[in-house]
Amino acid sequence: MNFEEKVWKLMERIPKGRVTTYGQIAKKLDTKAYRAVGNACRKNPYAPGVPCHRVVRSDGSVGGFGGKISGKNVKEKIQRLREENVEVKNGKIANFKEVLFNF
DNA sequence: GCTTTGACTCTCG
DNA sequence: TCGAGAGCCAAAG
């Protein structure tokens with residue numbers, strides 16, 4: 001199994017209404033390839049089976065899909081997050097600690 | 001096979 | 001509090 005497949009599989013485990021960080025995923029995979037995780041996310045061939053929008057940065061900010069990349073459909077992702085009990089404020093998770101999914 | 005790049009994270013000033 | 005720099009790993013050129 002490739003590294004990316006592991007990442008995707010792990011992301012699949014993220015329940016609705018919860019989020020996780022790249023660091024958590026990397027840690028679960030016994031690696032420090034935080035950035036590679038992000039890369040795998042960006043590819044994301046299993047979307048929306050693999051909800052990459054539920055993966056955020058360690059500080060609770062939504063990461064690249066929130067402010068840098070794809071400025072419009074991102075809002076829909078954010079909106080979906082908010083519908084899933086995840087409050088997003090200004091590109092960051094408001095109740096981050098509460099919705100953070102610990103593997 | 002080496003170099004570049006990235007949706008990252010940590011530390012320091 | 002915020003920005004810059006360094007370190008990390010994997011994929012693509």
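Each chain gets a letter, A, B and so on, in the order its sequence line appears, and its residues count up from 1. All figures in this text were calculated on a predicted structure; none of them were measured in a lab.
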Looking at [X], I'd like to know whether one of its side-chain N or O atoms comes within less than 4.0 Å of OP1 or OP2 on [N].
X: A:Lys43; N: B:dA7; answer: no
X: A:Ser58; N: B:dC10; answer: yes
X: A:Arg35; N: B:dT9; answer: no

Problem - Closest non-hydrogen atom pair, A:Val99 against A:Arg18 - result: O-CD, 2.9 Å

Whole-Å gap separating [atom2] ([N]) and [atom1] ([X]):
X: A:Lys92; N: C:dT1; atom1: NZ; atom2: P; value: 11 Å
X: A:Tyr34; N: B:dG6; atom1: OH; atom2: P; value: 20 Å
X: A:Lys6; N: C:dA11; atom1: NZ; atom2: C1'; value: 16 Å
X: A:Ile78; N: B:dA7; atom1: CD1; atom2: C1'; value: 12 Å
X: A:Leu10; N: B:dA7; atom1: CG; atom2: C1'; value: 17 Å
X: A:Ile93; N: B:dA7; atom1: CD1; atom2: P; value: 18 Å
X: A:Asp59; N: B:dA7; atom1: CG; atom2: C1'; value: 13 Å
X: A:Tyr22; N: C:dA11; atom1: OH; atom2: P; value: 16 Å

Give the nucleotide from the list [options] with an atom nearest to the side chain of [X].
X: A:Ala36; options: B:dT9, C:dA10, C:dA11; value: C:dA10
X: A:Arg42; options: B:dT9, C:dA10, B:dA7; value: B:dA7
X: A:Ala33; options: B:dC10, C:dA10, B:dC8; value: C:dA10
X: A:Cys52; options: C:dA11, B:dA7, C:dC9; value: B:dA7

Practice task
Please check if the side chain of A:Asn85 supplies one atom and the backbone of A:Gly17 the other of a donor-acceptor pair under 3.5 Å.
Solution key: no

Exercise for the section: Only one of A:Val37, A:Asn39, A:Val50, A:Asn2 passes side chain to side chain contact (heavy atoms under 4.5 Å, CB included) with A:Val7; say which it is. Expected result: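 Exactly one option meets the side chain to side chain contact (heavy atoms under 4.5 Å, CB included) with A:Val7, and it is A:Val37.
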
Exercise for the section: Output the distance between atom CD (A:Glu76) and atom CD (A:Glu83), rounded to the nearest 0.5 Å. Expected result: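 Between atom CD of A:Glu76 and atom CD of A:Glu83 there are 10.5 Å.
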
Exercise for the section: Say whether A:Ile14 and A:Leu10 are linked into one hydrophobic cluster, either directly or through other cluster members, by side-chain heavy-atom distances under 4.5 angstrom. Expected result: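 In one cluster with A:Ile14: A:Leu10, yes.
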
Practice task
Identify, between A:Asn39 and A:Val56, the residue whose nearest nucleotide on DNA chain B lies closer to the 5' end.
Solution key: A:Asn39

